[in-house]
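Numbers restart at 1 for each chain; the letters A, B, ... are given by sequence-line order, proteins then strands.
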Protein chains: 2
Amino acid sequence: MENGNAKATDLIAELGFLCLGSRFRRLGERLQAGVSELAGLEGITLQPAQFPIIVALEHGPLTVGALARRLDLSQPGITRGIGKLLVEGLIEQVENDGDQRLRAFTLSDAGRALLARVQERVFPLVQRAVADLCEGPADDLLGHLTRLDHALAMTPFEQRLRAMLSEGSGS
Amino acid sequence: MENGNAKATDLIAELGFLCLGSRFRRLGERLQAGVSELAGLEGITLQPAQFPIIVALEHGPLTVGALARRLDLSQPGITRGIGKLLVEGLIEQVENDGDQRLRAFTLSDAGRALLARVQERVFPLVQRAVADLCEGPADDLLGHLTRLDHALAMTPFEQRLRAMLSEGSGS
DNA sequence: CCATTTTCCATATCGTGCTATATACCTTGG
DNA sequence: CCAAGGTATATAGCACGATATGGAAAATGG
């Protein structure tokens, strides 16, 4: 998105409940982009969709199917995410003497270190930035979404996160 | 998503403001899938992301850039959507004697007919289904999202739309 | 008036969700 | 004990958001 200002003419927002799917996707895209940029600034190259996976693995190994159920995402999506994390050496396959169909994974030392870093340096900022974003006179869902869209148009999420960075998170 | 029940273990939902991007995308995906299926049942093969484009063209031609600004989507996304609509004969390029960089499009007769059909047969059901989905004790955004996720897990959006179809929309 | 910059659109490619289907392993029944 | 069916994962490919970049037309300015 090169146009930072959503104008007063955002048709998808005007449509309200119609095209709400597009709207959610747009929002999700922007939020993930912000998280991704912040992580990059912290030297963390993880892509946004990998975060929930490593969080899920925090307390012990899980199989592909278990991850899919835990995150309520499709199994092929998990398989893909797992592949990336394996390549980056953040997770390891767990030895398994039993059912040979199962593939369980656990965080590697590098993965645990990265998760700790994420939890210390990234998540608190994201938490604050999103909470800020969601502030305001609570109304209905559409009101929330409109406020979100508008707030994001005024100040992109990445910028909000950068602001938190420089503001008061010096660890 | 083959597992219709989100369990009580949806980690992405548990994470609250963290991973909200993934959550929005998941929701958007499901809503669009429902709309797509409903449209299919009505004999309308449009993909969900095309709806806002044809709605935007309802009141006259727009250029690629104007559409991108109107819908607050990226220009390449619009170019792609335009391409599909052209192939299906739902829009036509407008003659243009002036600036040769501009490409403006307008609804064809088929496109206008389809839009009318969408507005009559699809949008009212979507409106009702989403409104139902969003009902409940209005609280904060996360409450809304949790309710949405949960409601969608209990009864998929497609099923809700189909219910509306059989219920009382016999036009 | 020509060179440079800007604007508009197209193309290439990526990330992340999905479905459908193939494959390999396990389980079960006859 | 083997055939049939079920389950777990992988692969293929699509939809739809995005960014980055290229080419052509227009605007600008020296």
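Mapping A/Glu29 and B/Glu29 onto DNA chain C by nearest heavy atom places A/Glu29 at the nucleotide closer to the 5' end. Both B/Ile82 and B/Gly21 lie near DNA chain C, and the one whose nearest nucleotide falls closer to the 5' end is B/Ile82. Annotation: of the two residues near DNA chain D, A/Arg23 and A/Ala104, the 5′-most nearest-nucleotide partner is A/Ala104. The residue among A/Arg25 and A/Thr79 whose nearest nucleotide of DNA chain D is located toward the 5' end is A/Thr79.
For A/Val64, whose side chain is taken as the heavy atoms from C-beta onward, the closest listed nucleotide among C/dC18, D/dT9, C/dT16 is D/dT9.
Counting to the nearest Å, the C1' atom of D/dT11 and the CZ atom of A/Arg80 are 11 Å from each other. For B/Leu62 and C/dC9, the CG to C1' distance is 15 Å, given to the nearest whole Å. One can place CD of B/Glu88 at 13 Å from C1' of D/dA15, the figure rounded to the nearest angstrom. We find that CZ of A/Arg69 is positioned 12 Å from P of D/dT7, with the value rounded to whole Å. A/Ile78 has its CD1 atom 16 Å from the P atom of D/dT11, to the nearest Å. The distance between atom CD of B/Gln47 and atom C1' of C/dT19, rounded to the nearest whole Å, is 14 Å. Taking atom CD of B/Gln93 as the reference point, atom P of C/dC8 lies 16 Å away to the nearest angstrom. A/Leu31 has its CG atom 14 Å from the C1' atom of C/dT16, to the nearest Å.
Taken residue by residue, residues 48-55 of chain B places heavy atoms nearer than 4.0 Å to DNA chain D at B/Pro48, B/Ala49, B/Gln50.
Here A/Ser22 reaches the OP1 or OP2 of D/dG17: one of its side-chain N or O atoms lies under 4.0 Å away. Between C/dT19 and A/Ser74, no contact under 4.0 Å exists linking OP1 or OP2 to a side-chain N or O. Contact check, B/Gln75 against C/dC9: no side-chain N or O comes under 4.0 Å of OP1 or OP2.
Judged by distance alone, with hydrogens and angles left aside, the side-chain atoms of B/Ser108 form a donor-acceptor pair with the main-chain N or O of B/Gly89 at under 3.5 Å. Counting only distance, with no hydrogens or angles, the side chain of A/Gln47 and the backbone of A/Thr45 share no donor-acceptor pair below 3.5 Å. When atom types are taken as modelled, the side chain of A/Arg117 and the backbone of A/Glu42 share a donor-acceptor pair closer than 3.5 angstrom.
Heavy atoms of B/Gly77 sit nowhere under 4.0 angstrom from any nucleic acid atom. Among the heavy atoms of the strands lying under 4.0 Å from B/Thr63 are primed sugar atoms or P, OP1, OP2 only; no base atom is included.
Using modelled atom types, one finds no donor on one side chain facing an acceptor on the other under 3.5 Å when comparing A/Gln32 with A/Ser36.
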Would you tabulate the nitrogen or oxygen pairs shorter than 3.5 Å linking the protein to nucleotides 23-28 of chain C?
residue: C/dC26; atom: OP1; partner: A/Gln100; partner atom: N; Å: 2.9

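The salt bridge (Lys or Arg N to Asp or Glu O under 4.0 Å) pairs that include a residue from residues 73-95 of chain B number zero, where partners must be two or more places apart or lie in different chains.
Listed by chain and number, the residues in a salt bridge (Lys or Arg N to Asp or Glu O under 4.0 Å) with A/Arg23 are A/Asp149 (sequence neighbours excluded). Under the salt bridge (Lys or Arg N to Asp or Glu O under 4.0 Å) criterion, A/Asp97 pairs with no residue at all, not counting sequence neighbours. Evaluation of the salt bridge (Lys or Arg N to Asp or Glu O under 4.0 Å) rule for B/Arg112 yields B/Asp109 as partners, not counting sequence neighbours.
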| request: Go through A/Asp10 and B/Arg69 one step at a time and tell me if the salt bridge (Lys or Arg N to Asp or Glu O under 4.0 Å) criterion holds. | output: CA-CA 8 Å; A/Asp10 180 350; B/Arg69 287 185 296 274; over 6 Å; no

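A/Leu62 places none of its side-chain heavy atoms less than 4.5 Å from the side chain of A/Phe105.
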